Amino acid sequence: MISKQAIIDRFISYVTIDTESDPNSDTTPSTQKQWNLANKLFEELKTMGMHDVSIDKNAYVMATLPSNVDVDVPTIGFISHFDTSPDFTGANVKPQIIENYDGKDIVLNSEKNIVLSPNYFDDLLQYTGQTIITTDGTTLLGADDKAGITEIMSAMEYLINHPEIEHGNIRVCFTPDEEIGRGAHKFDVKKFGADWAYTMDGSQIGELEYENFNAAGAVITIEGKIVHPGYAKGKMINSMYIATDFINALPRLETPEHTEKYQGFFHLHEIDGKVDETKLHYIIRDHDRDKFEARKEMMHKLAKELNSQYGKTIILVTITDQYFNMKEKILPVMHILDIAEEAMKQLSIKPLIKAIRGGTDGSQLSFMGLPCPNIFAGGHNFHGRYEYVPVESILKATEVICKIAELTAKKHKKQ
């Protein structure tokens, strides 16, 4: 059995290192501080006995656990990211360990009256009696995705110490900048050399995902005309009013707060406005590729209609695709999902196969030639002060990694 305390110690050693990424930076990694954890992982992998341990100029850390069977077995990979979201601070993380959780409110910070309550976050009740790691209410925790890193590192260490568990070659990789959509941008798929891989980057125990949003970012630039308000009649064009028209013309209920499951949305996440220019920053999401393309076209059509009212181009729409639904790349190789599902069932974990309302490194990697479904890492309430993770979920995810490696070897020894 993997030691529960060892899992806790390893996880805390990672989350107390600030690795927040920065979308406004053009370097890789986007923040210098990400190197602190990357270098730590590099050294730990060497110390535990992994082979081919490397760290490249962009902080991608890779290593190999060599096969211990005498037949050809596909090389499988496991991937997690070490950056944390810029949505909330990851500096000075002070984890709190709640043993034998009693199902009641958890006071994260009494001074600031910050409470993690099952009355609001009812998923907590799934973990009554377990050990839960929370924040102190002033930072995020970093379980996204340092729980995943903990699981991969712990699994590799366990397999090294238990050579009686048969497995083929296993590759691992830890990446920067996933939280700002760049985790796979400089990932060397050829160097990684796996036939397929799994990201350990899901949420609650049992999650197994091979579908995700098609995603794009849109910037709508509205050009106005500034004139002294005392002499503005017939001359001033207030770009902020036109921006309001644009916003209100999009389907009001097709936003994140009104959608779920396979429903797509438009999400306005930033406005920068003055009379003479306003910029609207949207993300566009849909699981269905045709509906995704229709959403993009809707924005272009709306801009065209508003421009025609003014007799000239005052609205410019720039849309950039970000990633696509990995489903089309996983369907031809569904056996890789079947192995993960069987691994969970053998460990008495109920697989929760569902679509991701977001994306992972795996969605981009799947289109780069590395099919890569996503497996639970155990955390909840990512990117904020209410983030938490049950230690038992980290333990189970670690066991899933080991079981996938074992099942992959067994299936190919029979062939």
Side-chain angles (χ1 to χ4, degrees), residues 2 41 45-46 48-56 60-80 148-149 151-175 184 187-201 208-210 326-347 349 351 353 360-375 397-415:
I2 299 167
L41 295 170
L45 287 164
K46 290 194 297 183
M48 75 168 58
M50 294 288 281
H51 292 220
D52 306 322
V53 183
S54 67
I55 184 168
D56 68 15
Y60 288 77
V61 181
M62 294 187 182
T64 302
L65 180 61
S67 172
N68 63 2
V69 294
D70 57 4
V71 296
D72 288 335
V73 176
T75 298
I76 61 175
F78 295 94
I79 301 165
S80 290
I149 295 174
E151 292 149 9
I152 293 171
M153 294 290 280
S154 299
M156 294 305 103
E157 188 171 59
Y158 188 81
L159 290 172
I160 289 170
N161 293 332
H162 292 80
E164 71 277 8
I165 300 174
E166 295 184 332
H167 59 81
N169 285 327
I170 302 173
R171 290 284 279 162
V172 302
C173 183
F174 306 118
T175 69
F187 191 109
D188 191 334
V189 170
K190 184 177 180 181
K191 176 184 175 183
F192 194 56
D195 292 280
W196 71 82
Y198 304 91
T199 49
M200 304 300 298
D201 196 17
L208 177 57
E209 300 154 327
Y210 69 100
M326 73 172 99
K327 179 179 179 180
E328 67 180 83
K329 299 298 181 181
I330 304 298
L331 285 177
V333 289
M334 281 295 284
H335 67 280
I336 71 178
L337 200 79
D338 295 339
I339 290 171
E341 185 177 4
E342 183 178 341
M344 290 187 193
K345 289 178 177 177
Q346 288 194 17
L347 294 167
I349 299 169
I353 300 176
T360 68
D361 280 345
S363 57
Q364 295 184 52
L365 291 171
S366 293
F367 282 86
M368 294 165 64
L370 181 66
C372 198
N374 191 43
I375 294 174
T398 303
E399 292 175 6
V400 168
I401 294 171
C402 295
K403 184 60 70 173
I404 287 173
E406 182 182 7
L407 288 175
T408 303
K410 281 183 177 179
K411 287 180 182 296
H412 286 82
K413 281 187 72 175
K414 293 178 181 178
Q415 294 177 359

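Treat the numbers as computed from the prediction; the structure is a model and nothing was measured. Scope of the values below: all heavy atoms of this structure, side chains included, with no hydrogens, waters or symmetry mates.
Two residues are said to be in side-chain contact when any heavy atoms from C-beta on lie closer than 4.5 Å; Y198 and I404 meet this criterion. Side chains of I375 and L208 form a contact here, defined as non-hydrogen atoms less than 4.5 Å apart. Using a 4.5 Å heavy-atom cutoff, the side chains of T360 and E209 are not in contact. Two residues are said to be in side-chain contact when any heavy atoms from C-beta on lie closer than 4.5 Å; I160 and M50 meet this criterion. Using a 4.5 Å heavy-atom cutoff, the side chains of P66 and N169 are in contact.
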Walk me through it: do T408 and H167 pass the test side-chain contact (heavy atoms from CB on, under 4.5 Å)?
-> CA-CA 7 Å; T408 303; H167 59 81; over 6 Å; no
Check step by step if side-chain contact (heavy atoms from CB on, under 4.5 Å) holds for T398 and Y158.
-> CA-CA 9 Å; T398 303; Y158 188 81; 5.6 Å; no
Step-by-step side-chain contact (heavy atoms from CB on, under 4.5 Å) determination, I79 to F187 = CA-CA 11 Å; I79 301 165; F187 191 109; 3.9 Å; yes
Apply side-chain contact (heavy atoms from CB on, under 4.5 Å) to I401 and M156, showing your working.
-> CA-CA 9 Å; I401 294 171; M156 294 305 103; 4.0 Å; yes
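Contact detail for G168 and A409: the closest heavy-atom pair is N-CB, 4.1 Å. The minimum heavy-atom distance linking E151 with A397 is given by the pair CD-CB, 3.3 Å. The heavy-atom pair separating A197 from P373 by the smallest distance is O-CD, 3.2 Å. Pairing each heavy atom of F78 with each of F192, the nearest pair is N-CZ, 4.3 Å. Between Q364 and A184, the closest heavy-atom pair is CB-CB, 3.7 Å. Heavy atoms only, all atoms of each residue included: K191 and S54 are closest at NZ-OG, 3.1 Å.
In this structure, CG in L45 is found 10.5 Å from CD in E157, a value given to the nearest 0.5 Å. One distance of note links CG of L365 with CG of L370; it measures 5.5 Å at 0.5 Å rounding. Rounded to the nearest 0.5 angstrom, L407 CG and C402 SG are separated by 11.0 Å.
Between the side chains of T175 and D361, a donor-acceptor pair is found at a separation under 3.5 Å.
Between the side chain of S67 and the main chain of V69, a donor-acceptor pair closer than 3.5 Å is present. Side-chain atoms of R171 do not come within 3.5 Å of backbone N or O of D195 as any donor-acceptor pair. No side-chain donor-acceptor contact under 3.5 Å links S363 to the backbone of M326. With D201 contributing its side chain and S80 its backbone, the two residues share no donor-acceptor pair below 3.5 Å. For the pair N68 (side chain) and P163 (backbone), a donor-acceptor distance under 3.5 Å is present.
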Going by atom type alone, with no hydrogens or angles, which donor-acceptor pairs under 3.5 Å involve a side-chain atom of residues 327-343 and a protein atom two or more places apart or on another chain?
from: E341; atom 1: OE2; to: K345; atom 2: NZ; distance (Å): 3.4
from: E342; atom 1: OE1; to: K411; atom 2: NZ; distance (Å): 3.1
from: E342; atom 1: OE2; to: Q346; atom 2: NE2; distance (Å): 3.1

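More than 12 non-hydrogen atoms from other residues, nucleotides or ligands lie less than 6.0 angstrom from CG of D56.
Partners of E406 according to the salt bridge (charged side-chain N to carboxylate O under 4.0 Å, His left out) rule, which considers only residues two or more places apart in sequence or in another chain, are K403, K410.
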